[in-house]
Undergrad: 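I am attaching a structure below and will ask some questions about it afterwards.
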2 protein chains.
Amino acid sequence: MNLKELATKLGLSPTTVSRALNGYPEVNEETRTRVVAAAQRYNYAPNTRAIRLATGRALAVGHVLPLATRHEIVNPIFADFIAGAGETYSRQGYDMLLSVVNDEDESRTYRQLKSRGSVDGVIVHAPRMNDPRIAMLAEIGLPFVVHGRATGTTTPYSWLDVNNRRAFLRATEFLLDLGHRRIGFVNGLEFMDFAIRRRNGYLEALAARHIPPDATLMFSDEMTENAGYAAAQRMLALPDRPTAFLASSMISGMGVRRAVESAGLVLGRDISIIIHDDDLSYLPNGKEVPIFTATRSSVREAGRLTAEMLIDLINDTDPTPRERLLEADLIIGQSTGPVQKVS
Amino acid sequence: MNLKELATKLGLSPTTVSRALNGYPEVNEETRTRVVAAAQRYNYAPNTRAIRLATGRALAVGHVLPLATRHEIVNPIFADFIAGAGETYSRQGYDMLLSVVNDEDESRTYRQLKSRGSVDGVIVHAPRMNDPRIAMLAEIGLPFVVHGRATGTTTPYSWLDVNNRRAFLRATEFLLDLGHRRIGFVNGLEFMDFAIRRRNGYLEALAARHIPPDATLMFSDEMTENAGYAAAQRMLALPDRPTAFLASSMISGMGVRRAVESAGLVLGRDISIIIHDDDLSYLPNGKEVPIFTATRSSVREAGRLTAEMLIDLINDTDPTPRERLLEADLIIGQSTGPVQKVS
DNA sequence: AATCACTTCCAAACCGCTTTGGATGCCAGA
DNA sequence: TCTGGCATCCAAAGCGGTTTGGAAGTGATT
């Protein structure tokens, strides 16, 4: 059932039927209800392919999921972010187009999305320092919003980010206020922008209390359980071992916890841990009472908001970049406590 | 730059240019190379919207990500599956369309994907027992492949699944061969089809050795770390505690391990654990040597293969359902060992 | 020389919708 | 009675490709 058929069935022109269904004013209210009823009755749904061609709009947003060809990591926060963004798209009648590409094909993919007219805009994931994608997208004129930021980028661009620096600053201060002086920092890979900012927050908090950073207490790697375990184990073996840890994710935090417990230490008493909690639904941080003290910021919510920003950007004639900085919550769980006196 | 412009620039008709680019035989080889060169030079890419309208094909595959409205779980294997499927789509020139919908809107979403012509087919995720989606999709005539199976479904349908029953049968036998007799089973939610099959495998192995199942050793819940921990802790507190565990995922297995270790027991010596490893890239089971003994089956590979099946189904005129059962590997790690003699 | 089969190209219809630029009829106001 | 404005509808031209049904030219065959 298409527009033309429906029109003839109603004894109207396709023009009028189209206008009736799309809420244009130049159509009698009575005919409009008739048309709407008939559309319902005949189960008519306009062909999106035709709409897209006629309007010149894709009514779709692209997400490019880059797969680092070397270590082939699929970002664990991706699913939750996508779920949030998807909620926005459903609500606004947009489609979400997902492209999975190797790093080296990423630039070509963006250009194709633009030149083939597959999408009206894209969301850029996992920005790095001096990320080349930003200048490229600005150049080809494809609207985009970055989830995160890219230190070192000079061209203005739209982004939504969590205040990672401030979150880790506060977490570090919290530990310092509990009397901890040696704080192990288990960070993610530091070519990622968020990891750099987190380190800066950590260092800033130490500096404010005139505590010199100790390279042996700073670690950076993939955020896996094993990596967290290995890092914490190494630090715990130091002669002057840390009394607290800061971990960049739930998963690496679980590794740190394992190292702590297998060293015969009790979490929250002998050793404190603060993690960053992306509030992933399959990695809940306890039910009512949080297990880990954490800086929390929902990635799913970030997905919702980033998608909204992009759609605004697409529909607004004003292309001024939009920026939004979310603050993480600091939630107190059972994994932190005052430093133990050395006996 | 569009077809018509390119054609005038070349002094040819749009027909010929289109044919030249699409490899039709009725065009001189010399002109074809000229056309291809010009397309390259002017950076011409055909407008997908127009192609889709003209051909009546969407050149896209839909993935509907249902969000259980109550517990709002985003499946952790989703990202890896999508990454695998995406590889296939890129290779075959298909787009991937992702819809995130509430459970109750799912049926409507499929119907819309069909009637609006947004996709040529869909992949069905996370099938349950007697899943109603299968009959519905068959009825509306939208090609689909199920990732997993749906026990109780009578209409034939295409699917790709891991042999979950056999995997857990083998895992249980492996533990039995090591002398274990009391094996705790930490399963996923048992309205999910894969969880039912896993339980069947477990029970079958026990039955083959004439070991009666013990309800206190069987647990079913979300596959989170905390749930795994809680289940294992409870079982370990039993007067006749288990000497081995079977866990349905890496994450719940980590919870089981924590319970074991915090009970002061040594993994692989006092207690054995076998998990099911979906080979998610952000949850690696060790590097060279696997940490956990596991039944392993790559979800990413499953994504690749499922997508291939669907594209075959779409392009083949023969609509006979295709079926494919993958076998999981049993890989031996450090988490299993012979049962300890009760001293 | 006429016929035929190929090769190579093109004009035009078509996919299903939106949107522009009227056309028609009716009523109020001059 | 005529004019202008308004409400309501429609024909037709698009969007940018694909595809059908020739047409023109060439060379071989009769």
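Just so it is clear: chains get the letters A, B, ... in the order the sequence lines come, proteins before strands, and each one is counted from 1.
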Undergrad: Please work out which of the three classes, parallel, tilted or perpendicular, describes the rings of A:H125 and A:F78, given edges at 30° and 60°.
TA: perpendicular
Undergrad: Indicate, with a heavy-atom threshold strictly under 4.0 Å, whether A:I51 touches base, sugar-phosphate, or nothing.
TA: sugar-phosphate
Undergrad: Measure from CG on A:L21 to P on C:dG16 and round the result to the nearest Å.
TA: 17 Å
Undergrad: Separation of B:R49 atom CZ from C:dT18 atom C1', in whole Å?
TA: 13 Å
Undergrad: With nearest nucleotides of DNA chain D determined for B:K4 and A:S13 from heavy-atom distances, which residue corresponds to the more 5′ nucleotide?
TA: A:S13
Undergrad: Does a donor on one side chain sit under 3.5 Å from an acceptor on the other, for B:S18 and B:T15?
TA: no
Undergrad: Looking only at the side chain of A:R19 (C-beta and beyond, no hydrogens), which of the listed nucleotides C:dT19, D:dG17, C:dC17 gets closest?
TA: C:dT19
Undergrad: Side-chain N or O of A:S18 less than 4.0 angstrom from OP1 or OP2 on C:dC17?
TA: no
Undergrad: Quickly work out the A:N22 CG to C:dG16 C1' distance and round it to whole Å.
TA: 13 Å
Undergrad: With no hydrogens and no angle check, just 3.5 Å: does a side-chain donor-acceptor pair link B:Y157 and B:R133?
TA: no
Undergrad: Mind calculating the distance between CD (B:E26) and C1' (C:dA11) to the nearest angstrom?
TA: 15 Å
Undergrad: So what does B:T48 hit on the nucleic acid, given a heavy-atom distance under 4.0 Å: a base, only sugar-phosphate, or nothing?
TA: nothing
Undergrad: How close or far is atom P of C:dC17 from atom CE of A:M1, stated in whole angstroms?
TA: 11 Å
Undergrad: Could you check how far CG of B:N47 sits from P of C:dC17, rounded to whole Å?
TA: 18 Å
Undergrad: Go through it in stages, so that I can follow the logic: the residues are A:R322 and A:D316, the test is salt bridge (Lys or Arg N to Asp or Glu O under 4.0 Å), and I'd like the CA-CA distance, side-chain angles, deciding distance and then a yes or no.
TA: CA-CA 11 Å; A:R322 293 140 166 73; A:D316 200 334; 2.9 Å; yes
Undergrad: Which word best sums up how the rings of B:H63 and B:Y89 line up, parallel for under 30°, tilted for 30 to 60°, or perpendicular for over 60°?
TA: perpendicular
Undergrad: Side-chain N or O of A:Y24 versus OP1/OP2 of C:dT18: is the shortest distance under 4.0 Å?
TA: no
Undergrad: Starting at atom CD of A:E5, determine the distance to atom P of C:dC14, rounded to an integer number of angstrom.
TA: 15 Å
Undergrad: For B:L3 and C:dC14, what is the distance between atoms CG and P respectively, to the nearest whole Å?
TA: 19 Å
Undergrad: Could you check whether A:T55 gets within reach of a base, just the sugar-phosphate, or nothing at all, counting any heavy atom under 4.0 Å?
TA: sugar-phosphate
Undergrad: Taking for each residue the nucleotide of DNA chain C with the nearest heavy atom, is it B:G11 or A:T15 whose nucleotide lies nearer the 5' end?
TA: B:G11
